[in-house]
Amino acid sequence: MASEAGQPPSKGGIQRQIKLPLRQAFKISLRNITIRLGRAAITASGTFLSIAFLMVVCTQAVAMGAMAIAQNPEQARPPAEWTVKTVLFPIIRALSLNPDEIMRARSAWLVVMSLLVCTVGITNSMLMSVTERFREIGTMKCLGALDRFIVNLLLIESGLMGLLGSLAGSVLGMGVMVVWYRLQIGTRLFAHFDWLTLFACLIFSVVIGTLLSIVAAILPAIRAAKLPPAAALRTEI
Amino acid sequence: MATEMVQEYIVRTRDLTKQYQLGDQTVYALRDVKLDIRRGEYISIMGPSGSGKSTLFNMIGGLDKPTSGTVFIDEVDMAQLDAFELAWLRCRKIGYIFQTFNLIPVMTALENVTLPMIFAGMSSDEMLEKGVKLLETVGLGERLHHKPAQLSGGQQQRVAIARSLANDPAIVLADEPTGNLDLRTGKEIIELLRRLNKEQGVTIISATHDLKMIDVSDRVIWIRDGRIERIENREDIELRLGEVEGEEE
(Lines give C-alpha, C1' and ligand atoms only; values in the text may rest on other atoms or scores of the structure.)
Protein backbone atom coordinates (compact mmCIF):
# COMPACT_ATOMS: atom_id res chain seq x y z
CA MET A 1 0.00 0.00 0.00
CA ALA A 2 2.90 2.26 -0.72
CA SER A 3 1.01 4.33 -3.25
CA GLU A 4 -1.17 6.14 -0.74
CA ALA A 5 1.43 6.35 2.01
CA GLY A 6 2.97 9.76 2.37
CA GLN A 7 -0.08 11.55 1.09
CA PRO A 8 -0.62 14.72 3.06
CA PRO A 9 -3.54 14.55 5.47
CA SER A 10 -6.45 16.18 3.74
CA LYS A 11 -9.81 17.66 4.60
CA GLY A 12 -10.11 18.35 8.27
CA GLY A 13 -7.91 15.61 9.65
CA ILE A 14 -9.31 12.91 7.42
CA GLN A 15 -6.52 10.74 6.14
CA ARG A 16 -6.20 7.97 3.64
CA GLN A 17 -4.05 5.39 5.34
CA ILE A 18 -5.87 2.11 5.71
CA LYS A 19 -4.07 -1.18 5.58
CA LEU A 20 -4.41 -4.91 5.63
CA PRO A 21 -0.99 -6.55 6.07
CA LEU A 22 -0.54 -9.61 3.87
CA ARG A 23 0.13 -11.80 6.90
CA GLN A 24 -3.22 -10.83 8.42
CA ALA A 25 -4.96 -11.32 5.07
CA PHE A 26 -3.53 -14.84 4.85
CA LYS A 27 -4.64 -15.55 8.40
CA ILE A 28 -8.20 -14.41 7.71
CA SER A 29 -8.40 -16.29 4.40
CA LEU A 30 -7.04 -19.47 5.92
CA ARG A 31 -9.60 -19.13 8.69
CA ASN A 32 -12.37 -18.76 6.16
CA ILE A 33 -11.27 -21.98 4.50
CA THR A 34 -10.90 -24.05 7.65
CA ILE A 35 -14.22 -22.88 9.06
CA ARG A 36 -16.11 -23.78 5.90
CA LEU A 37 -14.10 -26.90 5.32
CA GLY A 38 -16.88 -28.83 3.61
CA ARG A 39 -17.53 -26.16 1.02
CA ALA A 40 -13.83 -25.53 0.57
CA ALA A 41 -13.28 -29.24 -0.03
CA ILE A 42 -15.95 -29.29 -2.74
CA THR A 43 -14.50 -26.19 -4.42
CA ALA A 44 -10.98 -27.58 -4.20
CA SER A 45 -12.06 -31.01 -5.45
CA GLY A 46 -12.72 -29.48 -8.88
CA THR A 47 -9.11 -28.37 -9.06
CA PHE A 48 -8.01 -31.63 -7.49
CA LEU A 49 -9.72 -33.77 -10.13
CA SER A 50 -8.67 -31.81 -13.17
CA ILE A 51 -5.06 -31.48 -11.98
CA ALA A 52 -5.02 -35.20 -11.14
CA PHE A 53 -6.23 -35.84 -14.68
CA LEU A 54 -3.51 -33.56 -16.05
CA MET A 55 -0.86 -35.54 -14.19
CA VAL A 56 -2.36 -38.86 -15.26
CA VAL A 57 -2.04 -37.74 -18.88
CA CYS A 58 1.55 -36.55 -18.34
CA THR A 59 2.60 -39.74 -16.58
CA GLN A 60 0.93 -41.82 -19.24
CA ALA A 61 2.78 -39.97 -22.01
CA VAL A 62 6.12 -40.37 -20.23
CA ALA A 63 5.40 -44.07 -19.70
CA MET A 64 4.53 -44.53 -23.39
CA GLY A 65 7.83 -42.91 -24.28
CA ALA A 66 9.68 -45.20 -21.90
CA MET A 67 7.90 -48.23 -23.33
CA ALA A 68 8.85 -47.23 -26.86
CA ILE A 69 12.50 -46.96 -25.82
CA ALA A 70 12.32 -50.31 -24.03
CA GLN A 71 10.89 -52.06 -27.11
CA ASN A 72 13.01 -50.48 -29.82
CA PRO A 73 15.51 -47.80 -28.84
CA GLU A 74 16.33 -46.92 -32.48
CA GLN A 75 12.78 -46.06 -33.46
CA ALA A 76 11.79 -44.24 -30.26
CA ARG A 77 10.66 -40.68 -30.71
CA PRO A 78 13.13 -38.02 -29.66
CA PRO A 79 11.51 -35.71 -27.09
CA ALA A 80 10.96 -32.04 -27.76
CA GLU A 81 13.99 -29.91 -26.94
CA TRP A 82 14.18 -27.99 -23.67
CA THR A 83 13.32 -24.50 -24.86
CA VAL A 84 11.63 -21.61 -23.11
CA LYS A 85 8.33 -23.03 -24.27
CA THR A 86 8.90 -26.54 -22.96
CA VAL A 87 10.36 -25.29 -19.70
CA LEU A 88 7.31 -23.13 -19.11
CA PHE A 89 4.95 -25.81 -20.38
CA PRO A 90 6.71 -29.13 -19.67
CA ILE A 91 3.48 -30.90 -20.56
CA ILE A 92 4.41 -30.23 -24.20
CA ARG A 93 7.61 -32.19 -23.73
CA ALA A 94 5.81 -34.93 -21.83
CA LEU A 95 3.21 -35.34 -24.58
CA SER A 96 5.93 -35.32 -27.25
CA LEU A 97 7.37 -38.49 -25.69
CA ASN A 98 4.24 -40.39 -26.62
CA PRO A 99 4.78 -42.06 -30.01
CA ASP A 100 1.04 -42.33 -30.64
CA GLU A 101 0.08 -39.30 -32.74
CA ILE A 102 -3.70 -39.55 -32.28
CA MET A 103 -3.40 -40.08 -28.56
CA ARG A 104 -1.12 -37.04 -28.26
CA ALA A 105 -3.67 -34.75 -29.87
CA ARG A 106 -6.57 -36.20 -27.96
CA SER A 107 -4.80 -35.93 -24.61
CA ALA A 108 -3.89 -32.30 -25.16
CA TRP A 109 -7.46 -31.49 -26.07
CA LEU A 110 -8.89 -33.30 -23.05
CA VAL A 111 -6.49 -31.60 -20.67
CA VAL A 112 -7.42 -28.14 -21.97
CA MET A 113 -11.12 -28.96 -21.69
CA SER A 114 -10.82 -30.28 -18.15
CA LEU A 115 -8.91 -27.18 -17.02
CA LEU A 116 -11.55 -24.93 -18.59
CA VAL A 117 -14.39 -26.81 -16.94
CA CYS A 118 -12.52 -26.65 -13.65
CA THR A 119 -12.09 -22.87 -13.94
CA VAL A 120 -15.78 -22.32 -14.64
CA GLY A 121 -16.61 -24.59 -11.71
CA ILE A 122 -14.44 -22.58 -9.33
CA THR A 123 -15.97 -19.31 -10.56
CA ASN A 124 -19.40 -20.72 -9.91
CA SER A 125 -18.68 -21.93 -6.40
CA MET A 126 -16.84 -18.73 -5.50
CA LEU A 127 -19.85 -16.71 -6.71
CA MET A 128 -22.06 -18.76 -4.43
CA SER A 129 -19.74 -18.51 -1.48
CA VAL A 130 -19.44 -14.74 -1.98
CA THR A 131 -23.21 -14.26 -2.22
CA GLU A 132 -23.56 -16.18 1.02
CA ARG A 133 -21.16 -13.74 2.67
CA PHE A 134 -22.53 -10.43 1.36
CA ARG A 135 -23.46 -9.28 4.82
CA GLU A 136 -20.07 -10.21 6.21
CA ILE A 137 -18.38 -8.33 3.38
CA GLY A 138 -20.61 -5.29 3.96
CA THR A 139 -19.69 -5.36 7.63
CA MET A 140 -16.00 -5.42 6.81
CA LYS A 141 -16.46 -2.40 4.58
CA CYS A 142 -18.20 -0.61 7.45
CA LEU A 143 -15.18 -1.34 9.60
CA GLY A 144 -12.99 0.41 7.06
CA ALA A 145 -12.01 -2.28 4.57
CA LEU A 146 -11.17 -1.01 1.09
CA ASP A 147 -12.61 -2.75 -1.96
CA ARG A 148 -9.18 -4.09 -2.65
CA PHE A 149 -8.97 -5.81 0.76
CA ILE A 150 -12.08 -7.78 -0.07
CA VAL A 151 -10.65 -8.71 -3.47
CA ASN A 152 -7.33 -9.70 -1.91
CA LEU A 153 -8.98 -11.83 0.77
CA LEU A 154 -11.08 -13.72 -1.75
CA LEU A 155 -8.22 -14.22 -4.22
CA ILE A 156 -5.95 -15.50 -1.46
CA GLU A 157 -8.69 -17.80 -0.28
CA SER A 158 -9.28 -19.23 -3.74
CA GLY A 159 -5.55 -19.43 -4.43
CA LEU A 160 -4.92 -21.37 -1.22
CA MET A 161 -7.71 -23.82 -2.04
CA GLY A 162 -6.30 -24.17 -5.55
CA LEU A 163 -2.80 -24.76 -4.19
CA LEU A 164 -3.96 -27.48 -1.79
CA GLY A 165 -6.25 -29.08 -4.37
CA SER A 166 -3.64 -29.16 -7.10
CA LEU A 167 -0.85 -30.34 -4.78
CA ALA A 168 -2.96 -33.28 -3.68
CA GLY A 169 -4.28 -33.89 -7.19
CA SER A 170 -0.92 -33.85 -8.94
CA VAL A 171 0.79 -36.10 -6.41
CA LEU A 172 -2.11 -38.52 -6.42
CA GLY A 173 -2.52 -38.50 -10.22
CA MET A 174 1.15 -39.21 -10.75
CA GLY A 175 1.37 -41.67 -7.86
CA VAL A 176 -1.56 -43.75 -9.01
CA MET A 177 -0.19 -44.02 -12.57
CA VAL A 178 3.35 -44.85 -11.43
CA VAL A 179 2.04 -47.58 -9.14
CA TRP A 180 -0.20 -48.86 -11.90
CA TYR A 181 2.68 -49.12 -14.40
CA ARG A 182 4.82 -50.71 -11.74
CA LEU A 183 2.21 -53.42 -11.25
CA GLN A 184 1.40 -53.85 -14.95
CA ILE A 185 4.84 -53.72 -16.50
CA GLY A 186 7.32 -53.83 -13.66
CA THR A 187 10.37 -51.87 -12.65
CA ARG A 188 12.21 -52.28 -15.99
CA LEU A 189 10.03 -49.53 -17.45
CA PHE A 190 11.37 -46.96 -15.00
CA ALA A 191 14.91 -47.32 -16.34
CA HIS A 192 13.83 -45.37 -19.41
CA PHE A 193 11.51 -43.01 -17.56
CA ASP A 194 12.04 -39.29 -18.20
CA TRP A 195 11.69 -38.35 -14.52
CA LEU A 196 12.92 -34.81 -15.08
CA THR A 197 10.06 -34.06 -17.45
CA LEU A 198 7.59 -35.71 -15.13
CA PHE A 199 8.67 -33.63 -12.13
CA ALA A 200 8.63 -30.50 -14.25
CA CYS A 201 5.03 -31.43 -15.09
CA LEU A 202 4.30 -31.87 -11.39
CA ILE A 203 5.47 -28.35 -10.59
CA PHE A 204 3.74 -27.01 -13.67
CA SER A 205 0.41 -28.56 -12.70
CA VAL A 206 0.55 -27.17 -9.16
CA VAL A 207 1.30 -23.71 -10.52
CA ILE A 208 -1.40 -23.86 -13.19
CA GLY A 209 -3.95 -25.18 -10.68
CA THR A 210 -3.23 -22.33 -8.29
CA LEU A 211 -3.20 -19.69 -11.02
CA LEU A 212 -6.47 -20.88 -12.53
CA SER A 213 -8.11 -20.84 -9.09
CA ILE A 214 -7.02 -17.24 -8.60
CA VAL A 215 -8.14 -16.19 -12.10
CA ALA A 216 -11.49 -17.92 -11.58
CA ALA A 217 -12.09 -15.93 -8.39
CA ILE A 218 -11.41 -12.50 -9.91
CA LEU A 219 -14.94 -11.99 -11.20
CA PRO A 220 -16.74 -13.04 -7.97
CA ALA A 221 -14.28 -11.07 -5.85
CA ILE A 222 -14.80 -7.85 -7.81
CA ARG A 223 -18.54 -8.36 -7.72
CA ALA A 224 -18.43 -8.66 -3.94
CA ALA A 225 -16.09 -5.73 -3.42
CA LYS A 226 -18.04 -3.32 -5.63
CA LEU A 227 -21.24 -3.73 -3.64
CA PRO A 228 -22.07 -0.56 -1.66
CA PRO A 229 -22.03 -1.39 2.06
CA ALA A 230 -25.65 -0.39 2.61
CA ALA A 231 -26.82 -2.82 -0.09
CA ALA A 232 -24.56 -5.57 1.22
CA LEU A 233 -25.96 -5.20 4.72
CA ARG A 234 -29.54 -5.33 3.47
CA THR A 235 -29.19 -8.71 1.78
CA GLU A 236 -31.01 -11.52 3.49
CA ILE A 237 -29.91 -15.05 2.78
CA MET B 1 -6.21 17.86 15.06
CA ALA B 2 -6.44 21.26 16.67
CA THR B 3 -9.41 22.14 14.51
CA GLU B 4 -11.61 19.68 16.39
CA MET B 5 -11.87 21.89 19.43
CA VAL B 6 -13.67 24.70 17.72
CA GLN B 7 -16.21 22.54 15.92
CA GLU B 8 -19.34 22.28 17.94
CA TYR B 9 -21.24 20.11 15.49
CA ILE B 10 -19.97 16.66 14.70
CA VAL B 11 -22.70 15.90 12.18
CA ARG B 12 -24.66 18.33 10.02
CA THR B 13 -26.97 17.53 7.15
CA ARG B 14 -28.38 20.03 4.70
CA ASP B 15 -31.30 19.40 2.31
CA LEU B 16 -30.58 15.69 2.54
CA THR B 17 -32.77 13.85 0.05
CA LYS B 18 -32.81 10.24 -1.00
CA GLN B 19 -35.22 8.97 -3.61
CA TYR B 20 -35.76 5.54 -5.03
CA GLN B 21 -37.32 4.66 -8.34
CA LEU B 22 -39.96 1.97 -7.95
CA GLY B 23 -41.24 1.30 -11.44
CA ASP B 24 -42.55 4.64 -12.71
CA GLN B 25 -43.04 5.92 -9.17
CA THR B 26 -40.54 8.06 -7.29
CA VAL B 27 -40.41 7.23 -3.60
CA TYR B 28 -38.78 9.66 -1.19
CA ALA B 29 -37.02 7.89 1.66
CA LEU B 30 -35.70 11.23 2.89
CA ARG B 31 -36.80 14.72 1.94
CA ASP B 32 -34.80 17.88 2.71
CA VAL B 33 -33.54 16.74 6.09
CA LYS B 34 -31.68 19.41 8.04
CA LEU B 35 -30.02 18.18 11.18
CA ASP B 36 -27.31 19.43 13.54
CA ILE B 37 -25.80 17.07 16.06
CA ARG B 38 -23.43 18.36 18.70
CA ARG B 39 -20.28 16.65 19.85
CA GLY B 40 -20.95 14.29 22.74
CA GLU B 41 -24.72 14.17 22.34
CA TYR B 42 -26.85 11.07 22.71
CA ILE B 43 -29.38 11.27 19.90
CA SER B 44 -32.25 8.95 19.17
CA ILE B 45 -33.86 8.98 15.76
CA MET B 46 -37.37 7.68 16.31
CA GLY B 47 -39.94 6.70 13.79
CA PRO B 48 -42.06 3.83 12.55
CA SER B 49 -40.53 1.33 10.14
CA GLY B 50 -40.30 2.76 6.64
CA SER B 51 -40.06 6.30 7.99
CA GLY B 52 -36.56 6.72 6.61
CA LYS B 53 -34.54 6.38 9.78
CA SER B 54 -32.37 3.57 8.46
CA THR B 55 -31.79 5.57 5.28
CA LEU B 56 -30.69 8.51 7.42
CA PHE B 57 -28.41 6.17 9.36
CA ASN B 58 -26.83 4.98 6.11
CA MET B 59 -26.33 8.54 4.86
CA ILE B 60 -24.68 9.77 8.06
CA GLY B 61 -22.52 6.67 8.16
CA GLY B 62 -21.36 7.09 4.59
CA LEU B 63 -22.78 3.70 3.69
CA ASP B 64 -24.99 5.07 0.93
CA LYS B 65 -24.97 8.18 -1.23
CA PRO B 66 -27.74 10.78 -1.04
CA THR B 67 -29.64 11.75 -4.18
CA SER B 68 -29.03 15.37 -3.29
CA GLY B 69 -27.98 17.42 -0.30
CA THR B 70 -24.93 17.11 1.89
CA VAL B 71 -23.71 15.38 5.02
CA PHE B 72 -20.92 17.06 6.94
CA ILE B 73 -18.92 15.02 9.41
CA ASP B 74 -16.69 17.33 11.41
CA GLU B 75 -17.44 20.02 8.83
CA VAL B 76 -16.14 17.82 6.01
CA ASP B 77 -18.52 17.28 3.12
CA MET B 78 -18.72 13.53 2.75
CA ALA B 79 -19.43 13.69 -0.97
CA GLN B 80 -15.95 15.17 -1.48
CA LEU B 81 -14.18 12.13 -0.04
CA ASP B 82 -12.60 9.47 -2.24
CA ALA B 83 -12.72 5.75 -1.49
CA PHE B 84 -9.60 5.82 0.69
CA GLU B 85 -10.78 8.74 2.79
CA LEU B 86 -14.22 7.23 3.15
CA ALA B 87 -12.67 3.96 4.34
CA TRP B 88 -10.51 5.89 6.78
CA LEU B 89 -13.58 7.69 8.07
CA ARG B 90 -15.49 4.43 8.55
CA CYS B 91 -12.48 2.90 10.23
CA ARG B 92 -11.42 5.66 12.59
CA LYS B 93 -14.15 8.21 12.97
CA ILE B 94 -17.38 6.24 12.99
CA GLY B 95 -18.32 3.07 14.83
CA TYR B 96 -21.31 1.05 13.67
CA ILE B 97 -23.74 -1.06 15.63
CA PHE B 98 -26.46 -3.03 13.84
CA GLN B 99 -29.74 -4.60 14.76
CA THR B 100 -28.46 -7.99 13.62
CA PHE B 101 -25.09 -7.54 15.40
CA ASN B 102 -23.18 -8.38 12.18
CA LEU B 103 -20.22 -9.99 13.84
CA ILE B 104 -17.95 -12.00 11.57
CA PRO B 105 -19.13 -15.52 12.40
CA VAL B 106 -15.79 -17.24 11.84
CA MET B 107 -13.92 -14.99 14.26
CA THR B 108 -13.81 -15.00 18.06
CA ALA B 109 -15.09 -12.06 20.10
CA LEU B 110 -11.56 -10.73 20.47
CA GLU B 111 -10.78 -11.10 16.76
CA ASN B 112 -14.00 -9.30 15.86
CA VAL B 113 -13.02 -6.40 18.09
CA THR B 114 -9.46 -6.21 16.76
CA LEU B 115 -10.41 -6.39 13.06
CA PRO B 116 -10.88 -2.59 12.71
CA MET B 117 -7.55 -2.14 14.49
CA ILE B 118 -5.83 -4.26 11.83
CA PHE B 119 -7.19 -1.88 9.20
CA ALA B 120 -5.97 1.05 11.29
CA GLY B 121 -2.48 -0.41 11.20
CA MET B 122 -2.07 -1.14 14.89
CA SER B 123 0.61 -3.56 16.08
CA SER B 124 -0.47 -7.01 17.31
CA ASP B 125 0.43 -6.41 20.95
CA GLU B 126 -1.35 -3.09 21.14
CA MET B 127 -4.32 -4.64 19.39
CA LEU B 128 -4.68 -7.54 21.82
CA GLU B 129 -4.28 -5.31 24.85
CA LYS B 130 -6.86 -2.82 23.63
CA GLY B 131 -9.26 -5.54 22.47
CA VAL B 132 -9.20 -7.23 25.86
CA LYS B 133 -9.70 -3.91 27.59
CA LEU B 134 -12.69 -3.04 25.42
CA LEU B 135 -14.31 -6.42 25.97
CA GLU B 136 -13.80 -5.99 29.71
CA THR B 137 -15.43 -2.58 29.49
CA VAL B 138 -18.57 -4.12 28.00
CA GLY B 139 -18.49 -6.92 30.56
CA LEU B 140 -17.22 -9.78 28.41
CA GLY B 141 -13.73 -10.20 29.83
CA GLU B 142 -14.48 -13.88 30.36
CA ARG B 143 -15.56 -14.63 26.82
CA LEU B 144 -12.70 -13.35 24.70
CA HIS B 145 -12.32 -16.52 22.67
CA HIS B 146 -15.94 -17.41 22.12
CA LYS B 147 -17.37 -17.41 18.62
CA PRO B 148 -20.52 -15.33 18.03
CA ALA B 149 -22.61 -18.49 17.78
CA GLN B 150 -21.57 -19.38 21.33
CA LEU B 151 -22.80 -16.05 22.69
CA SER B 152 -26.31 -14.86 23.50
CA GLY B 153 -27.87 -11.99 21.55
CA GLY B 154 -27.08 -9.50 24.28
CA GLN B 155 -23.48 -10.69 24.49
CA GLN B 156 -23.10 -10.49 20.72
CA GLN B 157 -24.35 -6.92 20.80
CA ARG B 158 -21.82 -6.14 23.52
CA VAL B 159 -19.06 -7.49 21.29
CA ALA B 160 -20.42 -5.29 18.50
CA ILE B 161 -20.32 -2.27 20.83
CA ALA B 162 -16.74 -3.06 21.80
CA ARG B 163 -15.89 -3.38 18.11
CA SER B 164 -17.52 -0.05 17.30
CA LEU B 165 -15.19 1.60 19.83
CA ALA B 166 -12.07 -0.14 18.49
CA ASN B 167 -10.42 2.93 17.00
CA ASP B 168 -11.81 5.53 19.43
CA PRO B 169 -14.39 6.93 17.04
CA ALA B 170 -15.99 10.33 17.49
CA ILE B 171 -19.40 8.95 16.56
CA VAL B 172 -21.12 5.65 17.23
CA LEU B 173 -24.01 4.98 14.89
CA ALA B 174 -26.48 2.41 16.08
CA ASP B 175 -29.25 1.06 13.85
CA GLU B 176 -31.96 -0.47 16.04
CA PRO B 177 -29.39 -1.78 18.53
CA THR B 178 -32.09 -3.31 20.73
CA GLY B 179 -34.34 -4.52 17.92
CA ASN B 180 -33.39 -8.19 18.25
CA LEU B 181 -33.11 -8.28 22.03
CA ASP B 182 -35.59 -8.92 24.83
CA LEU B 183 -36.67 -6.09 27.13
CA ARG B 184 -34.17 -6.60 29.89
CA THR B 185 -31.17 -7.19 27.61
CA GLY B 186 -32.23 -4.22 25.51
CA LYS B 187 -32.23 -2.08 28.59
CA GLU B 188 -28.77 -3.25 29.57
CA ILE B 189 -27.46 -2.41 26.12
CA ILE B 190 -29.03 1.05 26.28
CA GLU B 191 -27.46 1.65 29.69
CA LEU B 192 -24.09 0.51 28.39
CA LEU B 193 -24.34 2.92 25.46
CA ARG B 194 -25.28 5.73 27.81
CA ARG B 195 -22.38 4.94 30.10
CA LEU B 196 -19.91 4.98 27.21
CA ASN B 197 -21.43 8.23 26.02
CA LYS B 198 -20.93 9.79 29.45
CA GLU B 199 -17.51 8.30 30.25
CA GLN B 200 -15.81 8.51 26.88
CA GLY B 201 -17.67 11.44 25.40
CA VAL B 202 -18.50 9.58 22.22
CA THR B 203 -21.44 10.94 20.25
CA ILE B 204 -24.14 8.30 19.93
CA ILE B 205 -26.72 8.44 17.18
CA SER B 206 -29.23 5.68 17.35
CA ALA B 207 -32.04 4.92 14.92
CA THR B 208 -34.69 3.10 16.88
CA HIS B 209 -38.33 2.62 17.68
CA ASP B 210 -37.56 1.41 21.15
CA LEU B 211 -39.19 3.89 23.55
CA LYS B 212 -36.76 2.88 26.32
CA MET B 213 -34.17 4.87 24.39
CA ILE B 214 -35.96 8.15 25.06
CA ASP B 215 -35.05 8.01 28.71
CA VAL B 216 -31.31 8.21 28.05
CA SER B 217 -31.30 10.46 24.99
CA ASP B 218 -30.29 14.09 25.12
CA ARG B 219 -32.50 14.77 22.14
CA VAL B 220 -35.04 12.75 20.23
CA ILE B 221 -35.60 13.31 16.54
CA TRP B 222 -38.97 12.13 15.38
CA ILE B 223 -39.04 11.26 11.72
CA ARG B 224 -42.01 10.38 9.55
CA ASP B 225 -42.34 9.85 5.81
CA GLY B 226 -38.77 10.94 5.25
CA ARG B 227 -39.15 14.29 7.01
CA ILE B 228 -38.21 15.45 10.47
CA GLU B 229 -41.49 15.79 12.30
CA ARG B 230 -40.10 17.38 15.45
CA ILE B 231 -36.98 17.47 17.58
CA GLU B 232 -37.45 17.29 21.33
CA ASN B 233 -35.15 17.66 24.28
CA ARG B 234 -35.51 14.92 26.85
CA GLU B 235 -36.99 17.22 29.47
CA ASP B 236 -39.87 18.06 27.18
CA ILE B 237 -40.97 14.54 26.49
CA GLU B 238 -44.03 13.47 28.43
CA LEU B 239 -43.84 9.73 28.51
CA ARG B 240 -44.17 7.37 31.39
CA LEU B 241 -41.58 4.80 30.50
CA GLY B 242 -42.59 2.46 33.28
CA GLU B 243 -45.98 2.08 31.66
CA VAL B 244 -44.55 1.50 28.22
CA GLU B 245 -42.30 -1.23 29.47
CA GLY B 246 -44.94 -2.79 31.66
CA GLU B 247 -42.51 -4.32 34.09
CA GLU B 248 -40.26 -3.32 36.92
CA GLU B 249 -36.55 -3.95 37.03
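All heavy atoms count here, side chains included; hydrogens, waters and symmetry mates do not. Each chain gets a letter, A, B and so on, in the order the sequences are listed, and its residues count up from 1.
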Where on [X] is there a heavy atom nearer than 4.5 Å to chain A: the side chain, the backbone, both, or neither?
| X | result |
| --- | --- |
| Ser164(B) | neither |
| Ile118(B) | both |
| Phe119(B) | both |
| Asn58(B) | side chain |
| Phe98(B) | side chain |

Query raised in the report: For chain B, which residues from residues 21-41 of chain A lie under 4.5 Å away (heavy-atom distances)?
Result: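 The list, in residue order, reads Pro21(A), Arg23(A), Gln24(A), Ile28(A), Arg31(A), Asn32(A), Ile35(A), Arg36(A).
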Heavy-atom count check: over 12 atoms from other residues, nucleotides or ligands less than 6.0 Å from [X] [atom1]?
| X | atom1 | answer |
| --- | --- | --- |
| His146(B) | NE2 | yes |
| Asp36(B) | CG | yes |
| Gln21(B) | CD | yes |
| Glu129(B) | CD | no |
| Trp109(A) | CH2 | no |

Requested in this report: Could you point out which residue of Met140(A), Arg133(A), Arg135(A) forms a side chain to side chain contact (heavy atoms under 4.5 Å, CB included) with Ile104(B)?
Outcome: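 For Ile104(B), the side chain to side chain contact (heavy atoms under 4.5 Å, CB included) check succeeds only for Met140(A).
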Query raised in the report: When heavy-atom pairs shorter than 4.5 Å are enumerated against chain A, which of Asp64(B), Ile73(B), Asn102(B) gives the highest number?
Result: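 The answer is Asn102(B).
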Query raised in the report: If you take all heavy atoms of Gly144(A) and Cys91(B), which pair is closest and at what distance?
Result: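 Taking Gly144(A) first and Cys91(B) second, the nearest heavy atoms are CA-CB, 3.7 Å.
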**Report entry** With Arg38(B) via salt bridge (Lys or Arg N to Asp or Glu O under 4.0 Å) - residues at least two apart
**Finding:**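 Counting only residues at least two positions away or on another chain, Arg38(B) forms a salt bridge (Lys or Arg N to Asp or Glu O under 4.0 Å) with Glu41(B).
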